[in-house]
Amino acid sequence: MRYAWFRCSVFLLVAIWPVYWLYQAWIFALGPDPGKVLVDRMGLGALILLLITLALTPLQRMTSWAGWVFIRRQMGLWCFAWALLHLAAYLFFVLGLAWDQLGVELSQRPYIIVGALALLMLAALAVTSNRYSQRRLGKRWKGLHKLVYAVLGLGLLHFLWIVRADLKQWAAYALIGALLLLLRIPVIATRLPRFKKKSAYFQKKA
Ligand code: HEM
């Protein structure tokens with residue numbers, strides 16, 4: 001398997017955090033409201049993983065190192081997994097699995113609907129991220145996977161709705177997101193500085 005060491009290191013690096021946080025909650029190291037801390041960390045983590053996923057193609061273009069694209073699917077799936085953990089933490093720790101409360105929550109906190117929409121789109125991307133779906137959907141696959149930009153927009157809107165007062169942290173993430181989208185515009189993408197010669201993998205593909 002190509003870049004096996006890199007893929008495995010990334011896998012371990014991303015997988016370890018939720019386990020560590022659950023351990024911290026177990027030993028009462030997350031403060032008086034560990035459930036809320038877990039919800040926030042998983043949500044912010046999902047957004048960061050989404051930004052990292054979007055950064056991989058420009059990174060590959062600039063460094064010509066094929067390893068970046070080899071972890072792209074994994075990072076996208078991790079973003080979905082963390083968003084699912086974020087939802088699970090919310091349902092379990094905040095809602096206490098009181099399903100009758102869900103209707104009240106949805107009417108009082110519309111940002112949850114925005115988050116749910118983003119999660120549904122992430123689910124569509126995750127289930128069609130395999131080669132089989134790529135072959136079956138043909139040209140439509142690329143169109144469908146443009147949903148990732150809508151996920152970013154909804155994720156940022158969901159976040160903005162929550163922070164409202166202190167915009168500094170939100171603005172930093174929004175700025176990074178906007179920059180990553182700019183780097184995907186063809187006229188900009190083709191002018192990106194290249195720091196290294198194309199790797200053997202891309203020379204063979206060309
Ligand atoms: C059904 C889906 C979702 C639900 C029910 C949900 C719910 C929540 C809740 C209850 C909070 C905490 C609000 C507070 O602090 O008062 C939150 C925070 C957050 N969520 Fe979600 N969310 C969902 C999906 C998502 C998705 C898909 C993303 C990212 C792509 C995301 C990113 C975030 C972020 C960045 C925060 C703020 C964390 C912080 O304050 O540090 N959420 N969400």
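Just follow the structure's listing: the first ligand is 1, and inside any ligand the first atom is 1.
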Item to complete: Assess whether side-chain contact (heavy atoms from CB on, under 4.5 Å) is satisfied between Arg184 and Leu180, documenting all intermediate values.
Response: CA-CA 7 Å; Arg184 278 163 182 266; Leu180 290 173; 5.6 Å; no
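Near Ala116, the atoms of ligand 1 lying under 4.0 angstrom from a non-hydrogen atom of the residue are 1 (C), 2 (C). Of all atoms in ligand 1, numbered sequentially from 1 with element shown, those under 4.0 Å from a heavy atom of Leu87 are 1 (C), 5 (C). Of all atoms in ligand 1, listed by their number and element, those nearer than 4.0 Å to a heavy atom of Leu44 are 34 (C), 35 (C).
Of all protein heavy atoms, the one closest to atom 16 (O) of ligand 1 is Tyr111 OH, 3.8 Å. Closest to atom 11 (C) of ligand 1, if we only count protein heavy atoms, is Val39 CG1, 3.7 Å. For atom 10 (C) of ligand 1, the nearest non-hydrogen atom of the protein is Tyr90 CD1, 3.3 Å. Looking only at protein heavy atoms, the nearest one to atom 31 (C) of ligand 1 is His158 CD2, 3.4 Å. The protein non-hydrogen atom at the shortest distance from atom 38 (C) of ligand 1 is Asp40 O, 3.5 Å. Nearest protein neighbour of atom 3 (C) of ligand 1, counting heavy atoms only, is Gly115 C, 3.9 Å. Looking at atom 14 (C) of ligand 1, its nearest protein heavy atom turns out to be Lys36 NZ, 3.6 Å.
Looking at Ile162, Leu47, Ile112 and measuring to atom 18 (C) of ligand 1, the nearest heavy atom belongs to Ile162. Taking only non-hydrogen atoms, the option from Trp161, Phe159, Trp82 nearest to atom 37 (C) of ligand 1 is Phe159. Comparing Gly155, Gly45, Gly43, Ala123 against atom 35 (C) of ligand 1, the shortest heavy-atom distance belongs to Gly43.
Under 3.5 Å, the side chains of Arg72 and Thr57 contain a donor-acceptor pair of N or O atoms.
To the nearest 0.5 Å, atoms CG (Leu30) and NZ (Lys36) are separated by 12.5 Å.
Shown here for Val19 and Ala15, the closest heavy-atom pair between the two residues is CG2-O, 3.5 Å.
Taking the six-membered ring wherever Trp is involved, the centroid distance between the rings of Phe6 and Trp68 falls below 6.0 Å. Close placement of the Trp141 and His145 rings is indicated, their centers lying within 6.0 Å of each other.
His158 pairs with exactly one of Tyr111, Tyr90, Trp170 by the ring pair (Phe, Tyr, Trp, His ring centres under 6.0 Å) rule, that one being Tyr111.
Ring geometry, Trp21 versus Trp17: the interplanar angle falls from 30° to 60°, so the pair is classed tilted. Tyr3 and Trp65 have perpendicular rings, their planes meeting at more than 60° on a 0 to 90° scale where under 30° would count as parallel.
Residue-level check: among N/O/S atoms of His86, NE2 sits closest to atom 21 (Fe) of ligand 1.
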